[in-house]
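Ligands are counted one by one from 1 in listed order, and the atoms in each one are counted from 1 as well.
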Amino acid sequence: MVDTGTQYRKIKTEIDAAVIAVMESSQFIGGKVVNEFATNLAAYHGSKHVIPCANGTDALQIAMMALGLQPGDEVITPSFTYIATVEVAALLGIKPVFVEVDKQHFCIDPVAIEKAITPKTKAIVPVHLYGHAADMEAIMAIADKHKLFVIEDNAQGIGNDFTFSNGSKKKTGSIGHIGCTSFYPSKNLGAFGDGGAIFTDDDALADKLRMIASHGQSKRYYHDVVGCNSRLDAMQAAILNIKLKHLDAYIDARRKAADYYDKAFAGNPKIETPFRASNNRHVFHQYTLILHDTDRDALSQFLADQQIPSMIYYPVPAHRQKMFDAFGGSNYQLPITDWLTERVISLPIHTELDTEQQDLVISKVLEFVNR
Ligand SMILES: Cc1ncc(COP(=O)(O)O)c(C=O)c1O
């Protein structure tokens, strides 16, 4: 699904030198390189503060802690997402309230959000799934109206530009009160290990986020609040600093590959290619089709038999995971989420994909669906 090896070899000289420099410096945790990366990422993102942390899951947990969410509070999230989004809420005793997603772009449906608000609701957690932006304009309007926090899960959306109806633009992850991202190696901005970051424009919130990510310390060995240990190490920061310079080119390569697939599948009644709302720049973390009148799992097996990878993101929605039985997961009626879960399939998409590889994937997909 990804080819991080070829991507690395193209920037090997720069990466190797940066990693060696960290080893020479002996400053492995925190310090200059991590600060430099945070500054560069803040500038790219248009966010006032970037708080690097250990992974995207921690970023979400720290965000919920910093906003003071308490056991019994509710957060509204999509069920059609990676489990981390909702798991961290459950871990803190917060109730994830699952709502529907938009059938076209897979992100949380603002109408469904408003219907799910109760006096216990404290936050909305939209996920920019597969790299397409949730409707942040509508979501922020709902949040303002009901005085709710918005934590954007931007693990899959880094680099997406969201355009508001007045023409202004912001990066996804910098629109809500807090944005969270992951640098998992296969992400659009991927480290060579785990990593994550938290974004905010709010000075007081930034201090709190920083404190919580560092054992609740206000200064060394003075622990004001209960926190956790979540650090991005200098080696990852050095690598990410270099890859950040290439992020827009990486996104362009993914978008080009998506265009190529789109063209090849256009007009096929069994294949619905990814929708792109005009208010955002889809960054194609995944290229995900909806299949009609096709045995999706049989297609996946057929591709695997020809050594062509494909993935189902995600085969079981969060509300149907055993983990959420205790939260009444099975009581939810989310027909769109269930419908999508049974029909989506993601094809290989990455920065190194060439048209020859894509032609093979395309021909095998078409061979199967046109049988
Ligand atoms: C939507 C979403 N949220 C959260 C995460 C968690 O990130 P991490 O794996 O870095 O903890 C991921 C990444 O896997 C993700 O795709």
Side-chain angles (χ1 to χ4, degrees), residues 1-2 4 37 41 50-65 75-92 94 96 98-99 101-102 105-108 123-134 136 139 150-160 172-173 175-176 178-199 213 228-233 236-237 239-240 243 254 280 282-288 311-319 321 323-324 337 340-341 344 346 349-350:
M1 295 295 284
V2 291
T4 47
F37 171 60
L41 184 58
V50 168
I51 296 98
C53 64
N55 55 65
T57 308
D58 277 6
L60 290 158
Q61 180 180 330
I62 294 163
M64 290 183 197
M65 290 169 79
V75 296
I76 298 176
T77 80
S79 173
F80 193 61
T81 182
Y82 182 58
I83 199 68
T85 321
V86 281
E87 183 186 31
V88 295
L91 199 64
L92 297 171
I94 299 160
F98 302 114
V99 302
V101 289
D102 182 284
H105 60 60
F106 313 111
C107 298
I108 197 164
I124 305 166
V125 187
V127 182
H128 304 302
L129 200 71
Y130 306 149
H132 190 288
M136 289 309 296
I139 292 167
V150 175
I151 303 168
E152 293 176 80
D153 182 342
N154 199 31
Q156 301 187 8
I158 195 157
N160 191 331
T172 54
I175 303 167
I178 300 181
C180 299
T181 203
S182 161
F183 304 125
Y184 186 78
S186 62
K187 292 288 188 262
N188 286 20
L189 180 59
F192 287 11
D194 273 314
I198 312 167
F199 303 84
C228 56
N229 174 24
S230 191
R231 303 185 282 232
L232 179 72
D233 67 69
Q236 299 307 336
I239 292 163
L240 288 164
K243 291 185 78 177
R254 286 172 177 272
N280 82 124
H282 198 322
V283 293
F284 285 100
H285 177 57
Q286 301 299 344
Y287 183 86
T288 305
M311 287 296 283
I312 311 303
Y313 301 115
Y314 296 93
V316 182
H319 74 284
Q321 299 285 353
M323 185 195 272
F324 289 112
T337 295
L340 288 172
T341 304
V344 290
S346 300
I349 191 154
H350 53 81

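In this structure, CD in Gln236 is found 8.0 Å from CG in Asp194, a value given to the nearest 0.5 Å. Of the inter-residue distances, the one linking Gln156 atom CD with Gln286 atom CD reads 6.0 Å to the nearest 0.5 angstrom. Atom CG of residue Asp58 and atom CG of residue Asn229 lie 8.5 Å apart, to the nearest 0.5 angstrom. Taken from CD1 in Ile76 to CD1 in Ile108, the straight-line distance is 7.0 Å, to the nearest 0.5 Å. One distance of note links CG of Asn188 with CZ of Phe284; it measures 11.0 Å at 0.5 Å rounding.
The distance criterion of under 3.5 Å between nitrogen or oxygen atoms is not met by Asp194 with respect to ligand 1. Ligand 1 has no nitrogen or oxygen under 3.5 angstrom from a nitrogen or oxygen of Tyr82. In terms of polar-atom proximity, defined here as any N/O pair under 3.5 Å, Asp153 does make such a contact with ligand 1.
Which parts of ligand 1 touch Asn55 is read off a 4.0 Å heavy-atom cut-off, strictly below it: atoms 10 (O), 11 (O). Atoms of ligand 1 lying under 4.0 Å from any heavy atom of Val127, numbered from 1 in the order shown and given with element: 1 (C). Set against the non-hydrogen atoms of Ala84, the atoms of ligand 1 under 4.0 Å away are 4 (C), 5 (C), 6 (C). Each of the following atoms of ligand 1 lies closer than 4.0 Å to a heavy atom of Thr57: 6 (C), 7 (O), 8 (P), 11 (O). For ligand 1, the atoms closer than 4.0 angstrom to any heavy atom of Gly56 are 6 (C), 7 (O), 8 (P), 10 (O), 11 (O).
Atom 15 (C) of ligand 1 has as its closest protein heavy atom Ala155 CB, 3.5 Å. Of the protein's non-hydrogen atoms, Gln156 NE2, 2.9 Å is the one closest to atom 16 (O) of ligand 1. In this structure, the protein non-hydrogen atom closest to atom 9 (O) of ligand 1 is Ser182 OG, 4.1 Å.
Residue-level proximity to ligand 1 for Leu129 is absent, since no heavy atom of it falls below 4.0 angstrom.
Other residues, nucleotides and ligands contribute at most 12 non-hydrogen atoms within 6.0 Å of the OH atom of Tyr184.
At least one side-chain heavy atom of His128 sits under 4.5 Å from a side-chain heavy atom of Met136.
With hydrogens and angles disregarded, a donor-acceptor distance shorter than 3.5 Å links the side chain of Tyr130 to the backbone of Tyr313.
Looking at every heavy atom in both residues, Ser230 comes nearest to Cys53 through OG-CB, 3.3 Å.
Using a 4.0 Å cutoff on heavy atoms, Lys187 counts as a contact of ligand 1.
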